[in-house]
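Quick caveat, the model's predicted, so the values are computed rather than measured.
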Amino acid sequence: ISQVTSFRGVAVRSLCTSSPHEHPEHGRLVYKGNLAKAVLGVRFFSYSTSIFNLLMMPYIILKTGIGFDSLLVQAAFYGLVGFFTFVTPVTLHILTKGYVIRLYYKDDMDTYTAITYNAILAEKATVFHQKDVKIPDITKMFTTFYAKTKSMLVNPTLFPNPQDYNHLMGYDKSFYFNLEEDKEAGERK
């Protein structure tokens with residue numbers, strides 16, 4: 001496919017073998033999360049303030065001479081500082097680790113590739129088959145589905161093609177009810 005774009009009035013021609021929504025390794029882009037930049041920004045800010053806090057705390061304690069006579073007050077002070085230094089970034093990571101930034105689909109292999117952020121804010125690819133998707137029995141706050149054992153969070157309204165979401169969740173499969181099996185299972189109880 002040949003694309004022509006203009007750069008300062010000069011036509012520039014580039015050869016591209018796939019559309020912008022195709023990825024040679026992962027397949028066709030079927031979902032793009034709209035909170036990806038916000039998740040990255042919040043986690044980066046949390047990490048950077050924690051690192052800044054760790055670097056500045058010894059300096060502040062030494063230069064200002066902050067010292068408490070009571071061991072209980074010292075423990076409370078350092079506990080509060082430690083809470084915001086360590087617990088906040090860990091909590092943010094746990095809450096946002098399953099947020100899907102992009103989701104790709106390969107038709108020929110019926111596999112999905114979910115791109116999420118890992119603990120060091122790098123993109124991580126998780127490849128799974130549609131048959132590995134499990135929908136939680138009870139609605140969970142930060143989980144739309146499980147891919148194998150990993151929880152994933154997507155917004156169904158952000159799928160440009162609703163059929164892609166239906167296929168991901170297995171809603172396009174027909175349901176078969178075997179009344180004989182249900183009857184036998186009921187008799188065994």
Side-chain angles (χ1 to χ4, degrees), residues 1-3 5 14-44 46-47 87-189:
I1 297 172
S2 179
Q3 295 177 337
T5 55
S14 66
L15 294 175
C16 181
T17 58
S18 61
S19 74
H21 297 290
E22 290 281 333
H23 191 277
E25 182 181 343
H26 303 307
R28 177 175 55 94
L29 180 68
V30 295
Y31 172 83
K32 188 171 183 182
N34 62 350
L35 296 177
K37 288 184 180 181
V39 167
L40 180 65
V42 167
R43 286 179 62 183
F44 179 77
S46 177
Y47 287 175
V87 175
T88 304
V90 169
T91 303
L92 280 172
H93 170 68
I94 290 169
L95 293 177
T96 62
K97 70 181 178 180
Y99 182 75
V100 177
I101 303 164
R102 292 182 309 278
L103 185 67
Y104 296 95
Y105 177 64
K106 272 191 170 179
D107 292 320
D108 55 343
M109 300 174 67
D110 198 24
T111 58
Y112 289 91
T113 303
I115 308 295
T116 58
Y117 290 124
N118 65 11
I120 59 170
L121 303 180
E123 289 186 358
K124 177 184 174 184
T126 304
V127 179
F128 57 95
H129 289 276
Q130 193 284 323
K131 64 183 176 191
D132 297 329
V133 172
K134 304 280 186 261
I135 301 169
D137 295 332
I138 300 171
T139 305
K140 302 208 176 180
M141 185 179 275
F142 296 103
T143 303
T144 307
F145 65 93
Y146 291 100
K148 298 180 182 175
T149 58
K150 184 174 178 169
S151 70
M152 300 281 178
L153 177 65
V154 295
N155 183 347
T157 61
L158 295 179
F159 281 83
N161 183 357
Q163 299 305 329
D164 289 328
Y165 177 73
N166 290 340
H167 183 69
L168 170 70
M169 302 301 279
Y171 297 152
D172 59 346
K173 296 178 182 175
S174 56
F175 293 103
Y176 293 106
F177 295 105
N178 190 338
L179 297 177
E180 292 298 320
E181 286 180 10
D182 292 341
K183 189 176 181 181
E184 290 174 14
E187 291 173 359
R188 287 183 209 149
K189 290 182 182 178

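- Residues T126 and T113 have side chains not in contact (no heavy-atom distance under 4.5 Å, counting atoms from C-beta outward).
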Derivation and outcome, side chain to side chain contact (heavy atoms under 4.5 Å, CB included), residues Y104 and R102: CA-CA 7 Å; Y104 296 95; R102 292 182 309 278; 3.0 Å; yes
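- Under a 3.5 Å cut-off, the side chain of T91 and the backbone N or O of V87 do form a donor-acceptor pair.
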Trace of the side chain to side chain contact (heavy atoms under 4.5 Å, CB included) decision for Y165 with T144: CA-CA 11 Å; Y165 177 73; T144 307; 4.2 Å; yes
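- When all heavy atoms are compared, the tightest approach of A36 to I101 is CB-CG2, 3.6 Å.
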V100/L153 under side chain to side chain contact (heavy atoms under 4.5 Å, CB included): CA gap, chis, key distance, verdict: CA-CA 6 Å; V100 177; L153 177 65; 5.9 Å; no
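- The closest side-chain heavy-atom distance from K140 to Y146 is below 4.5 Å.
- Annotation: the span from L158 atom CG to L35 atom CG amounts to 8.0 Å, rounded to 0.5 Å.
- Using a 4.5 Å heavy-atom cutoff, the side chains of T116 and K150 are in contact.
- Atom-to-atom distance recorded for K32:NZ and I115:CD1 is 12.5 Å, nearest 0.5 angstrom.
- What you find for Y47 and A119 is that their closest heavy atoms are OH-O, 2.9 Å.
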Working for side chain to side chain contact (heavy atoms under 4.5 Å, CB included), residues L121 and F44: CA-CA 8 Å; L121 303 180; F44 179 77; 3.9 Å; yes
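- Under a 3.5 Å cut-off, the side chain of Q130 and the backbone N or O of H167 do form a donor-acceptor pair.
- Smallest separation of non-hydrogen atoms from F159 and V30: CD2-O, 3.3 Å.
- Y31 approaches V154 most closely through the heavy-atom pair OH-CA, 3.6 Å.
- In this structure, T96 and F142 have side chains that are not in contact, with every pair of non-hydrogen atoms separated by 4.5 Å or more.
- At least one side-chain heavy atom of Y117 sits less than 4.5 Å from a side-chain heavy atom of E123.
- Here the side chains of V127 and Y112 are not in contact, with every heavy-atom distance at 4.5 Å or above.
- At least one side-chain heavy atom of R43 sits under 4.5 Å from a side-chain heavy atom of H93.
- R28 and D164 are joined by a salt bridge, as a carboxylate oxygen and a charged side-chain nitrogen come within less than 4.0 angstrom of each other.
- Closest approach of L103 and F128 over heavy atoms only: CD1-CZ, 4.2 Å.
- M152 CE to L168 CG: the interatomic distance, rounded to the nearest 0.5 Å, is 10.0 Å.
- Shown here is D137, whose CG atom has no more than 12 heavy atoms of other residues, nucleotides or ligands within 6.0 Å.
- Contact record, D107 with Y105: OD1-CE2, 2.5 Å, taken as the closest heavy-atom pair.
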